[in-house]
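These notes concern the structure reproduced below.
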Amino acid sequence: QVRLVESGGGLVQAGGSLRLSCTASGRTPNAYAMGWFRQAPGKEREIVAAISRVGGNEYYADSVKGRFAISRDSAKHMLYLQMNSLKPEDTAVYYCAASTSIVVVTAISNYDYWGQGTQVTVSS
């Protein structure tokens, strides 16, 4: 079992930045590929970014390429999402997730563990 706890969400104006953090604990928290997902009201949960188990391979949704950056600190069991140039359409609950895959995975069904989410609201 892996426990994931997100933090860093909040209210920000359009064009601003936020950094989300995800703390992993439990059984071998570094043995997982990781991802960030988001879900806006009335919409399905979607992949935002993902990173391989040892880092070095990353995926970004087209909507966030060039604005968001995913990273992990295995020594601290942490996952991060740096979000720059935020837009109102980035407003959503953001979730951290862990997959037993070694490589980058993007499908929700590939993820085994989920955090409770953190709200990000971008005002225009």
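Cluster partners of Met78, using a side-chain heavy-atom cutoff of under 4.5 Å among ILVMFWY residues and allowing indirect links, are Tyr80.
Contacts classified as salt bridge (Lys or Arg N to Asp or Glu O under 4.0 Å) and involving residues 43-57 (residues at least two apart or in different chains) are given here: Arg38-Glu46. For residues 54-124, the disulfide (SG to SG under 2.5 Å) pairs, not counting sequence neighbours, are Cys22-Cys96. Applying the ring pair (Phe, Tyr, Trp, His ring centres under 6.0 Å) rule to pairs touching residues 52-72 yields nothing, sequence neighbours excluded. Annotation: side chain to side chain donor-acceptor pair (under 3.5 Å) contacts involving residues 10-24, sequence neighbours excluded, comprise Ser17-Asn84.
The CE atom of Met34 lies 13.5 Å from the CD atom of Glu58; values are rounded to the nearest 0.5 Å. Separating the OG atom in Ser63 from the NZ atom in Lys65 is a distance of 10.0 Å, to the nearest 0.5 Å. Ile51 contributes atom CD1, which lies 7.0 Å from atom CG of Leu79 (distance to the nearest 0.5 angstrom). Between the CG atom of Leu81 and the OG1 atom of Thr118 there is a distance of 11.0 Å, given to the nearest 0.5 Å. Between the CZ atom in Phe37 and the OH atom in Tyr94 there is a gap of 13.0 Å [rounded to 0.5 Å].
When all heavy atoms are compared, the tightest approach of Tyr32 to Arg72 is O-NH1, 2.9 Å. The minimum heavy-atom distance linking Val104 with Ala50 is given by the pair CG1-CB, 3.8 Å. Taking all atoms of both residues into account, the shortest heavy-atom contact from Ala14 to Pro88 is CB-CD, 4.1 Å.
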Can you give each donor-acceptor pair under 3.5 Å made by side-chain atoms of residues 107-116, sequence neighbours left out, with the distance rounded to 0.1 Å?
residue : atom : partner : partner atom : Å
Tyr111  : OH   : Val105  : O            : 2.6
Asp112  : OD2  : Thr100  : N            : 3.0
Asp112  : OD2  : Thr100  : OG1          : 3.4

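With hydrophobic clusters built from ILVMFWY side chains whose heavy atoms lie under 4.5 angstrom apart, Ile47 does not share a cluster with Ile70. The same ILVMFWY cluster, assembled from side-chain heavy atoms under 4.5 Å apart, contains both Val64 and Val122.
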Please test Val120 against Leu20 for side chain to side chain contact (heavy atoms under 4.5 Å, CB included), starting from the C-alpha separation and ending with a verdict.
CA-CA 9 Å; Val120 171; Leu20 303 183; 4.0 Å; yes
Stepwise side chain to side chain contact (heavy atoms under 4.5 Å, CB included) check, Leu86 with Leu18: CA-CA 8 Å; Leu86 282 160; Leu18 282 174; 4.2 Å; yes
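Note on Asp90 versus Lys87: no salt bridge recorded, every NZ/NE/NH1/NH2 to OD/OE distance being 4.0 Å or above.
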